[in-house]
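Naming convention: chains lettered A, B, ... in sequence-line order (proteins, then strands); numbering from 1 in each chain.
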Amino acid sequence: MLQRIYGIAFWTQKELEDKLKFYEEAKRRDHRKLGKELEFFTIDEMVGPGLIIWLPKGAVFRQIVEDYLKQKHKELNYQFVYTPHVGKSTLWETSGHLSYYKENMFPEMPIENETYYVKPMNCPFHMAIYKSKIRSYKELPIKIAELGTVYRYEMSGVLHGLMRVRGFTQDDAHIFCKQDDVKSVIQETLNLAFEVLQDFGFSDYQIFISTKPKDAIGTEENWEISESALKDALENLGKSYEIDEGGGAFYGPKIDIKIKDAIGRFWQCSTVQFDFNLPERFDLYYVGEDNKKHRPYIIHRALLGSVERFSGVLLEHYAGALPVWLSPIQVAIIPIADRHIEYANEVLKLLKAKNIRAYIDDRPERMNAKIRDNELQKIPFIAVLGDKEASSNSVSIRTKIENIPVSSTLEEFANILDNSLISKR
RNA sequence: GCCGGUGUAGCUCAGUCGGUAGAGCGAGGCAUUCGUAAUGCCUAGGGCGUGGGUUCGAGUCCCAUCGCCGGCUCCA
């Protein structure tokens, strides 16, 4: 009988201590722990493994993220859509998912002599949108976007907090374009991707380009144009990348961006991939200037990847202390005694008028306890109000953000908040 | 799914050789109205993931099952 024994050894005491310190830090930053402490999300055994329940505070955060994304996309003329969560088997046969992806799909649901499947991807629906009318070369590129929630069967052993789940929402989009558009579309997409990553404070990530595998569909020209568009765009941005030679999907090359979590594991987030398969399968075309049918190129991309995973990575990145613009509660107002509540309400009213997410901690607790609790909730600004403040129309400010005065007038405080909201850091 | 570990109160965790479950925080109540990280006192709360089994007796032992944790494979 064999017994496997695991062990880890270090050459020096210091190396051991560093490793232990690292474990401690990783534990502190673990998004599963933070998610519970900050009341962002929960996973209920009764609901099901890998299925995320967003609690009110997490939902506020998520909505901010989604609003931000929608804004960014609308600026680039993306069109947002909503599509169903299930589709008939013919849809998945046409897309090829039933032949290539079935083992990752939730099992079929028979209804009235038809079989339905919960969607593991949004693509087929976006194809249906493209096909919903005849497309002319004049309207390309068409950019169809959706915060689309998909469900995939993942083996129980790989589930991990928000990072690896069975139901998640992709910030998905399909860009339909002509061959001449490919270069500029890819450039625009990557510009956007890096802009978004930067706005969320990420600069440490790995970029991979995956190129043509052995068994691939699409013409030589398709692959060449696409691969060089990906490389050129990255080089124009001065981003270094690795090439996964032959690592692309059979239907097209892609760029993947992976971001590190608290213990140094990389998680795939952004992805930009060509798809030479779906246009054929769905027989997509546009009418060209020559009045003939042409196949569009499809670029399938997600910037955050999944809202869930990205949120997990983000929580770990900031160890829960989110930037002001992403904090569900931006200001906690602490009146020292009950007689200060009236002034606290004035302050609250002013902040709310400026769309700042603030609340008054009016529990019958001591000021110190309230400060502690709000600190632990990692609220970026704590405004303490007592006799001094009430009489001088000011606030006393407690924050970890640098270069903020410890006390200021109400007006100044509002300006300080405005400034910290503008910079997405 | 596989290998290993684990599951006790809302949370974090203790529970000895099998003898009938305990702490802190939190919650509820009362008092306290207070200047930058925990005010004091009182009270309630679980039958130990679930289902079987062994035993006079099971958080404690055995089997099964579910969830979780770490790793493998795959991915957003």
For the side chain of R398(A), starting at C-beta, report the closest nucleotide among A76(B), A37(B), G70(B). A37(B)
Report all interatomic pairs (protein N or O, nucleotide N or O of nucleotides 7-14 of chain B) with separations under 3.5 Å.
from   : atom 1 : to     : atom 2 : distance (Å)
U12(B) : OP1    : K36(A) : NZ     : 3.3

Could you please name the partner base of C72(B), counting Watson-Crick and G-U wobble pairs only when both distances are under 3.5 Å? G1(B)
Nearest-Å distance, OH (Y100(A)) to P (C75(B))? 16 Å
What is the nucleic acid contact for E389(A), judged by heavy atoms within less than 4.0 Å: base, sugar-phosphate only, or nothing? base
Nearest to the side chain of R309(A) - A37(B), C75(B), U73(B)? C75(B)
Does OP1 or OP2 of G1(B) have a side-chain N or O of S156(A) closer than 4.0 Å? yes
F168(A) ring over A76(B) six-membered base ring, under 5.5 Å and 30°: yes
If you measure from the C1' atom in G10(B) to the same atom in C63(B), how many Å do you get, rounded? 32 Å
Centre of F282(A)'s six-membered ring, under 6.0 Å away, within 45 degrees of the axis: is that where NZ or CZ of K131(A) sits? no
Rounded to the nearest 0.5 Å, what's the gap from CG on L55(A) to CZ on R62(A)? Could you check? 12.5 Å
Quick one: label V406(A) by what it contacts on the DNA or RNA (base, sugar-phosphate, nothing), any heavy atom closer than 4.0 Å. nothing
Using a 4.0 Å heavy-atom cut-off across all strands, classify R301(A) as base, sugar-phosphate, or nothing. nothing
ring-ring contact (aromatic ring centres under 6.0 Å, His included): which pairs involve residues 335-379 of chain A, sequence neighbours left out? none
If the condition is side chain to side chain contact (heavy atoms under 4.5 Å, CB included), which residues does D244(A) pass it with, not counting sequence neighbours? S210(A)
Can you list, by residue number, the residues of residues 332-343 of chain A that have a non-hydrogen atom closer than 4.0 angstrom to RNA chain B? I336(A), A337(A), D338(A), R339(A)
Q179(A): side-chain hydrogen bond (donor to acceptor under 3.5 Å, both in side chains) partners, not counting sequence neighbours: E221(A), Y297(A)
I'd like to check the ring pair (Phe, Tyr, Trp, His ring centres under 6.0 Å) partners of Y153(A); sequence neighbours left out, ordered by chain and number. none
Across the strands shown, which category fits A302(A) at heavy-atom distances under 4.0 angstrom: base, sugar-phosphate, nothing? nothing
Checking N1-N3 plus N6-O4 or O6-N4 for Watson-Crick, or N1-O2 and O6-N3 for wobble, each under 3.5 Å, the partner of G7(B) is C66(B)
Using both distances under 3.5 Å as the test, list the Watson-Crick or G-U wobble partner of C30(B), or none. G40(B)
Presence of donor-acceptor pair under 3.5 Å, side chain of E154(A) and base of A76(B): yes
Applying ring pair (Phe, Tyr, Trp, His ring centres under 6.0 Å) to F125(A) and not counting sequence neighbours gives W92(A)
Are any of the side-chain nitrogens in E316(A) or R265(A) under 4.0 Å away from the carboxylate oxygens of its partner? no
On RNA chain B, more 5' by nearest nucleotide between Q268(A) and R265(A) is R265(A)
Say we look at G47(B) and G29(B): how far apart would their P atoms be, to the nearest angstrom? 24 Å
Any residue in residues 371-388 of chain A with a heavy atom nearer than 4.0 angstrom to RNA chain B? Just list them by number, or reply none. I371(A), R372(A), E375(A), L376(A), V384(A), G386(A), D387(A), K388(A)
Nearest to the side chain of Y153(A) - A37(B), C75(B), G1(B)? G1(B)
Decide, yes or no, whether a salt bridge links K378(A) with E37(A) under the criterion of side-chain N to carboxylate O below 4.0 Å. no
Residues forming a ring pair (Phe, Tyr, Trp, His ring centres under 6.0 Å) with F276(A), sequence neighbours excluded: W223(A)
Given that both distances must come in under 3.5 Å, which nucleotide forms a Watson-Crick or G-U wobble pair with A21(B)? none
Kindly write out the residues that satisfy ring pair (Phe, Tyr, Trp, His ring centres under 6.0 Å) with H126(A), not counting sequence neighbours, or none if the list is empty. H174(A)
Once you apply a heavy-atom cut-off of 4.0 Å, does E37(A) come out as touching a base, just sugar-phosphate, or nothing? nothing
Closest to side chain of V158(A), choosing from G35(B), C72(B), A76(B): C72(B)
Where each residue is assigned the nucleotide of RNA chain B containing its nearest heavy atom, which of M121(A) and H160(A) is assigned the position nearer the 5′ end? H160(A)
Who does C48(B) pair with, Watson-Crick or G-U, both distances under 3.5 Å? none
According to side chain to side chain contact (heavy atoms under 4.5 Å, CB included), who are the partners of S156(A), at least two apart in sequence or on a separate chain? R166(A)
Pairing residues for H97(A) by the side-chain hydrogen bond (donor to acceptor under 3.5 Å, both in side chains) criterion, not counting sequence neighbours: S95(A)
Which part of the nucleic acid, if any, lies within contact of R166(A), taking any heavy atom under 4.0 Å across all strands shown: a base, the sugar-phosphate backbone alone, or nothing? nothing
